[in-house]
Novice: 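What follows is a structure written as structure tokens; I'll ask about it next.
All ligand and atom numbering here is 1-based and tracks the order in the structure. Since the model is a prediction, treat every value here as computed from it, not as a measurement.
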Amino acid sequence: MIDFQSISPLQRGWLLELGLERAFLARLPQPQVAPQPVAAAEPAAAPAPVVDPQQGVTTSPVSRLVSASEAASDATSARDKALALLRKPGSRPVVAAVEEPLVQKPAVLIQPEKTQDMASLLEQVQACQECGLHTGRSQVVFGTDQVLEPDWMIIGEAPGTSDDRSGLPFDGKAGLLLQAMLKSAIPEASVYKTHLVKCRPVGSRSPTPDELAACRAFLDAQIRLVQPRRLLAVGHLAAVALSGREDDLETLRGQTLAYTDSLGRSLPLVVTYHPASLLLRPQHKANAWRDLSLLRQLQGQS
Ligand code: SF4
């Protein structure tokens, strides 16, 4: 029989080591152990603060971790949205609209009579809405590249479809024929080409008297600034407008007429068929050749 009361704490430890039942041990008297002073547990060290270099603020590692996680989540979400947008058929990247400051352009003063340079005159023609022809133009057809004091200024009726597209007078087939005529008659001459009106009449019709009158000041200013030595009117409308005579084309052809400007100065004027008319009526080419002979004759006088 074991005297449980006499078992020392050391013996109890041995008994436990030898595998005795806990119930048996439970019968042993519990030793009265004086409580030992225990050093107060140090609080868990707070994680070192971390300075976020982006924000310049101090955060705890936890909050930084959360923030990083949220940022990663946000970035993934944004990327997914972008990819979805790119994969969507027909989708286009959205470009933020750039608001341009409203710049009020000064109104162009239409004063061809007082204009002193071609650039200013061209600006006025481009802004012009004096007649209904401006509604049908793609662009104004002002004139060929400026030549200083050209030997001839060739003046037609109105821009055609090709002229309206290119912005150049006498473009297209009729222009090619005119070019060939001039080259054969006066190959060495310098020329400047334009029309009575600067905007194309839709449907290739002739300009009306009102449209001719509305645009006349531009033509007169253009002749004054270009300073040609002579004029060649192609077609009946141009012949009448420049000569001031109401005769038919056959009457006006074959002679040297005169164009008189607003200051009373006059220039030699020759009249012939419009090249578009010659394309339709080739029987007039012999007469046209006679007109070209007159050009050559006048050119030789200079
Ligand atoms: Fe102005 Fe002459 Fe054009 Fe008429 S045809 S809108 S007057 S530029």
Side-chain angles (χ1 to χ4, degrees), residues 104-147 150 152-175 178 191-228 231-246 249 259-263 265 267 269 271-277:
Q104 199 74 33
K105 277 191 174 177
V108 176
L109 197 59
I110 310 288
Q111 279 189 327
E113 303 82 8
K114 296 183 179 174
T115 307
Q116 294 304 316
D117 61 88
M118 290 291 274
S120 167
L121 186 64
L122 173 60
E123 189 184 20
Q124 292 177 42
V125 171
Q126 286 171 331
C128 179
Q129 299 186 355
E130 286 292 310
C131 79
L133 292 184
H134 81 274
T135 59
R137 72 185 177 208
S138 302
Q139 57 186 316
V140 299
V141 180
F142 184 65
T144 44
D145 288 342
Q146 189 177 0
V147 183
W152 292 91
M153 184 162 174
I154 319 291
I155 302 172
E157 185 175 296
T161 306
S162 300
D163 301 16
D164 181 69
R165 214 170 14 236
S166 68
L168 293 171
F170 295 102
D171 207 18
K173 281 184 183 173
L178 176 66
V191 299
Y192 177 90
K193 300 174 198 163
T194 189
H195 292 297
L196 295 176
V197 295
K198 311 306 179 195
C199 305
R200 173 188 62 134
V202 176
S204 299
R205 64 169 173 80
S206 292
T208 65
D210 283 349
E211 291 161 351
L212 288 170
C215 214
R216 182 56 191 257
F218 290 126
L219 177 66
D220 288 335
Q222 206 171 8
I223 294 172
R224 172 171 54 84
L225 294 171
V226 171
Q227 298 181 40
L231 303 181
L232 170 64
V234 294
H236 185 228
L237 266 185
V240 169
L242 293 167
S243 68
R245 290 171 50 172
E246 293 293 337
L249 183 64
Y259 159 83
T260 307
D261 69 13
S262 57
L263 298 175
R265 293 172 301 199
L267 285 172
L269 168 68
V271 169
T272 190
Y273 301 93
H274 195 285
S277 155

Novice: Quick one, I154 and Y192 - any side-chain contact, counting heavy atoms below 4.5 Å?
Specialist: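 SC-SC contact between I154 and Y192 ruled out.
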
Novice: Would you check if I155 and L219 make a side-chain contact, meaning some heavy-atom pair closer than 4.5 Å?
Specialist: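 Side-chain contact under 4.5 Å: yes.
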
Novice: Suppose we call two aromatic rings close when their centres sit under 6.0 Å apart. Are F170 and H195 close by that rule?
Specialist: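 Between H195 and F170, which both carry aromatic rings, the centre distance is below 6.0 Å.
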
Novice: Heavy-atom contacts with E130 under 4.0 Å: which atoms of ligand 1 show up? List them by number with element.
Specialist: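 Numbered from 1, ligand 1 contributes 1 (Fe), 6 (S), 7 (S).
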
Novice: Under a plain distance cut-off of 3.5 Å, with no hydrogens placed, do K198 and Q139 share a side-chain donor-acceptor pair?
Specialist: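 Note: Q139 and K198 side chains miss the donor-acceptor criterion.
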
Novice: Can you list the atoms of ligand 1 that are under 4.0 Å from a heavy atom of A214?
Specialist: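 Counting atoms of ligand 1 from 1, those under 4.0 Å from A214 are 7 (S).
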
Novice: How close does the nearest protein non-hydrogen atom get to atom 1 (Fe) of ligand 1, and which residue and atom is it?
Specialist: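 Closest protein heavy atom to atom 1 (Fe) of ligand 1: C128 SG, 2.2 Å.
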
Novice: Between R137 and ligand 1, find which residue part has any heavy-atom pair under 4.0 Å and reply side chain, backbone, both or neither.
Specialist: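 For R137, only side-chain atoms sit under 4.0 Å from ligand 1.
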
Novice: Tell me whether C131 has at least one N, O or S atom under 2.8 Å from atom 4 (Fe) of ligand 1.
Specialist: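 Yes - counting backbone and side chain alike, C131 has an N, O or S atom under 2.8 Å.
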
Novice: For H134, take its heavy atoms, then give the atoms of ligand 1 lying under 4.0 Å from any of them.
Specialist: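 Atoms satisfying the 4.0 Å criterion: 6 (S).
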
Novice: Decide, counting backbone as well as side-chain atoms, whether C199 has an N, O or S atom less than 2.8 Å from atom 3 (Fe) of ligand 1.
Specialist: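 It does; at least one qualifying atom falls short of 2.8 Å.
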
Novice: Is C215 close enough to atom 1 (Fe) of ligand 1 to have an N, O or S atom under 2.8 Å?
Specialist: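 Of the N, O and S atoms in C215, none lies under 2.8 Å from atom 1 (Fe) of ligand 1, which means no.
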
Novice: Does D220 pair with R224 as a salt bridge, N-O distance under 4.0 Å?
Specialist: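 The answer is no: the pair does not qualify as a salt bridge.
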
Novice: In terms of side-chain heavy atoms, does E157 have a donor or acceptor partner in S206 at a distance below 3.5 Å?
Specialist: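 Yes, side-chain donor-acceptor contact under 3.5 Å.
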
